[in-house]
Trainee: 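Pasting a structure below so you can have a look.
In the text below, chain A, chain B and the rest are named by the order of the sequence lines, each starting its count at 1. Model, not experiment: these values are computed from the prediction.
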2 protein chains.
Amino acid sequence: MKDPIEAFRKFLADKNQKLTPQRQVVLRIFMDRHDHMTPEELHQLGREMDPGLGLATVYRTLKLLEEAGLARELRLGDGVARYEYDFGREHHDHIICTACKRNIEVLDPRIETLQEALARRHGFELTGHKMILYGLCQACREDGE
Amino acid sequence: MKDPIEAFRKFLADKNQKLTPQRQVVLRIFMDRHDHMTPEELHQLGREMDPGLGLATVYRTLKLLEEAGLARELRLGDGVARYEYDFGREHHDHIICTACKRNIEVLDPRIETLQEALARRHGFELTGHKMILYGLCQACREDGE
DNA sequence: GTGCCTGCAAATTTTTTGCACGTCG
DNA sequence: CGACGTGCAAAAAATTTGCAGGCAC
């Protein structure tokens, strides 16, 4: 399966639900802009394509996209939920600069392996994880000096 | 510094603030019960010692305890914030069972080391991290079969 | 028609803030 | 007095829910 739209349609069909225009709009935004976006931001962007789009629908669709494995919820520490597109992408975690809030995506396969082992050692079968590193980026370290 | 109460007093004094009875109550609860607690739960418990204690004060105190490094905010995936006591304890992360919600504390020094290296490789100076593993515990796996 | 979907507004939930009063040096 | 601290209630922010109407089989 390489088409996210078809993947979403299939996911919905399996639950007797439909890929409505509104749901497509939200998915399309993710496909166009691979950003981290809050529901509010998605709603704004969505209204450009469908002015009647309701915020509640965005929330409802985000839940569905998450269940479908097409989007991932991200909490970077401020109280706001963000979502990122997660289709056909390699898994990754995040580092966020505590000063300028800039964040980048990172991955270390050795950490992933150790997480797996750590869980197993405690009798768990690992199904997922969230890891966020906090630090100071180079620019902010230099500013601080 | 081995007395959390004195540590908190000192932290507050450095900001020209005081260790009031209310603040002590919240800290004491943490010292007595090393649980993960929501602000609401802490408020309930706090009222047993000081019936007039306000929820807003609990929130304000939690912020202070966190700044002081005596408590740590924990978000396990439901919308609720939890806090855990974090004085004189070794750092640890968490695994939570997605079925029964039970969670345990875990630590792998090798992961910690790799996180440090990973951050540095991206130009960051690591100051902290949050890692939560999600999985199925043994009991729930057996139930599921 | 039946069941899924939607937008809207109202309701919930979680957290923060404004304010008047109290306290302590 | 002056700064800090508190409880309360109101406010704010984020998310969920109820509902009447609409659409597609």
Trainee: What pairs of nitrogen or oxygen atoms, one from the protein and one from nucleotides 12-22 of chain C, lie under 3.5 Å apart?
Mentor:
residue	atom	partner	partner atom	Å
C:dT15	OP1	B:R75	NH2	3.3
C:dT15	OP2	B:Y59	OH	2.7
C:dT15	O5'	B:Y59	OH	3.4
C:dT16	OP1	B:K63	NZ	2.6
C:dT16	OP2	B:K63	NZ	3.0

Trainee: Would you list the pairs meeting ring pair (Phe, Tyr, Trp, His ring centres under 6.0 Å) in which at least one residue belongs to residues 5-35 of chain B, sequence neighbours left out?
Mentor: B:H34-B:Y85

Trainee: Checking one residue: B:L107. Which other hydrophobic residues are in its cluster under the side-chain 4.5 Å linking rule?
Mentor: none

Trainee: Give a yes or no on whether a salt bridge exists between B:E66 and B:K63, defined as a side-chain N under 4.0 angstrom from a carboxylate O.
Mentor: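 The answer is no: the pair does not qualify as a salt bridge.
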
Trainee: Apart from B:V106 itself, what residues make up its hydrophobic cluster, given side-chain heavy atom links below 4.5 Å?
Mentor: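 B:V106 clusters with A:I95, A:I104, A:V106, A:I111, A:L114, A:L118, A:F124, A:L126, A:M131, A:L133, B:I95, B:I104, B:I111, B:L114, B:L118, B:F124, B:L126, B:M131, B:L133.
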
Trainee: Whole Å only: how far is the CG atom of A:L42 from the P atom of D:dA14?
Mentor: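 Atom-to-atom, A:L42 to D:dA14, this comes out as 14 Å.
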
Trainee: Provide the full list of salt bridge (charged side-chain N to carboxylate O under 4.0 Å, His left out) pairs with a residue in residues 122-140 of chain B, sequence neighbours left out, each pair given once.
Mentor: A:R141-B:E125, B:E73-B:K130

Trainee: Return each pair, listed once, that meets salt bridge (charged side-chain N to carboxylate O under 4.0 Å, His left out) where at least one residue sits in residues 49-61 of chain B; pairs must be two or more places apart or across chains.
Mentor: none

Trainee: A:D50 has an atom CG; how far is it from atom P of D:dC23, in whole Å?
Mentor: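 After rounding, the reported distance stands at 14 Å.
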
Trainee: Roughly how many Å is it from CE in B:M49 to C1' in D:dT6, rounded to a whole number?
Mentor: 18 Å

Trainee: Please give me every residue in residues 12-34 of chain B whose heavy atoms get under 4.0 Å of an atom in DNA chain D, ordered by residue number.
Mentor: B:N16, B:Q17, B:K18, B:T20, B:Q22, B:R23

Trainee: Tell me, which pairs form a salt bridge (charged side-chain N to carboxylate O under 4.0 Å, His left out) where one or both residues lie in residues 108-117 of chain A, sequence neighbours left out?
Mentor: A:D108-A:R110, A:D108-B:R121

Trainee: According to salt bridge (charged side-chain N to carboxylate O under 4.0 Å, His left out), who are the partners of B:R23, at least two apart in sequence or on a separate chain?
Mentor: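 Once residues adjacent in sequence are excluded, B:R23 has no partner under the salt bridge (charged side-chain N to carboxylate O under 4.0 Å, His left out) criterion.
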
